[in-house]
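Side chains are part of it too, since the values below use all heavy atoms of this structure and drop only hydrogens, waters and symmetry mates. In this chain, residues are counted from 1 in sequence order. A quick note: this is a predicted structure, and the numbers were derived from the prediction, not measured.
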Amino acid sequence: MTTTTQTHLMTVEEFINIDDDYHRHELIKGELLTMPPVKRLHGIVAAQLTFLLLQHARANHLGDVLVESGYHLEKDPDTVLGPDVSFIAHGHYGDLPDGYTPGPPVHAVEVLSPSDTKGYVERKLAVYLETGTRSVWLVNPRRRTVEIISSLNNRRMLHEDDEVVDDTLPGFRVKVSEIFA
């Protein structure tokens, strides 16, 4: 993950018009962050999580599961994050036009990549929680763990034999090992 040289804080209007098909971008407090495309293991784990969450959300009519969709979380300076997987409960925002969701997801999943630094991950985590995301999962494919975070002081590390249960997804239960199957 790198930042580009900027002469000013970028706005969401400038950010939405970036023309770059080769990188992923996020905007934190006006600072443009550029990441390379994810690698295979990251993609497999994100796809498995999307499948498990989507299957549960649809079967129980809970809401929408999104992949790498942008959330406009802060203004002046602007912050736009795109979690690997996210969940929005039915009725949380009502009908929205296409574009970035104006506010936080109920639930965000970040699949950690080897290039993610602890500082970068903690910075994103703080933004999610400060702007109203109720739960964030940090999924580590190399260690095969899931950390469930509902506040900076409430963090649970789960290992392969543990079961993922989260109040933001009523009735959802899955063994951590199934996420990495």
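Put simply, Leu73 and Leu152 are part of the same group of oily side chains (I, L, V, M, F, W, Y) that touch within less than 4.5 Å, one to the next. Each of Leu81 and Val67 belongs to its own hydrophobic cluster when Ile, Leu, Val, Met, Phe, Trp and Tyr are linked at side-chain heavy-atom distances under 4.5 angstrom. There is a path of hydrophobic side-chain contacts, each under 4.5 Å, that joins Val176 to Val85. Residues Met35 and Leu112 share a single hydrophobic cluster, defined by chaining ILVMFWY side chains whose heavy atoms lie under 4.5 Å apart. By the criterion of side-chain heavy atoms lying less than 4.5 angstrom apart, applied directly or through intervening Ile, Leu, Val, Met, Phe, Trp or Tyr residues, Leu33 is not grouped with Val38; the two fall into different hydrophobic clusters.
One finds the OG1 atom of Thr133 at 11.5 Å from the NZ atom of Lys124 (value rounded to the nearest 0.5 Å). Annotation: the span from Leu49 atom CG to Leu53 atom CG amounts to 6.0 Å, rounded to 0.5 Å. The distance from the CD atom of Glu163 to the OG atom of Ser177 is 10.0 Å, given to the nearest 0.5 Å.
Side chain of Ser113 to main chain of Asp116: no donor-acceptor pair is present (N/O by atom type, distance under 3.5 Å, no hydrogens or angles). When atom types are taken as modelled, the side chain of Gln55 and the backbone of Leu52 share no donor-acceptor pair closer than 3.5 angstrom. Panel note: side chain Asp84, backbone Ala46; no donor-acceptor pair is recorded below 3.5 Å. Put simply, the side chain of His42 never gets that close to the backbone of Ile44: no donor and acceptor are under 3.5 Å apart. A donor-acceptor pair under 3.5 Å is formed between the side chain of Thr79 and the backbone N or O of Lys29. A donor-acceptor pair under 3.5 Å is absent between the side-chain atoms of Gln48 and the main chain of Phe180, judged by distance alone.
Annotation for Asn17: atom CG counts as buried by contact number, over 12 foreign heavy atoms lying within 6.0 Å.
With 3.5 Å as the limit, one finds a donor-acceptor pair spanning the side chains of His25 and Thr34. In summary, the side chains of Asp166 and Thr168 do present a donor paired with an acceptor at a separation below 3.5 Å, with no hydrogens or angles considered.
Annotation: side chain of Val164 is in contact with side chain of Trp137 (closest heavy-atom distance under 4.5 Å).
Using cut-offs of 30° and 60° on the angle between ring planes, the pair Tyr100 and Phe15 is tilted.
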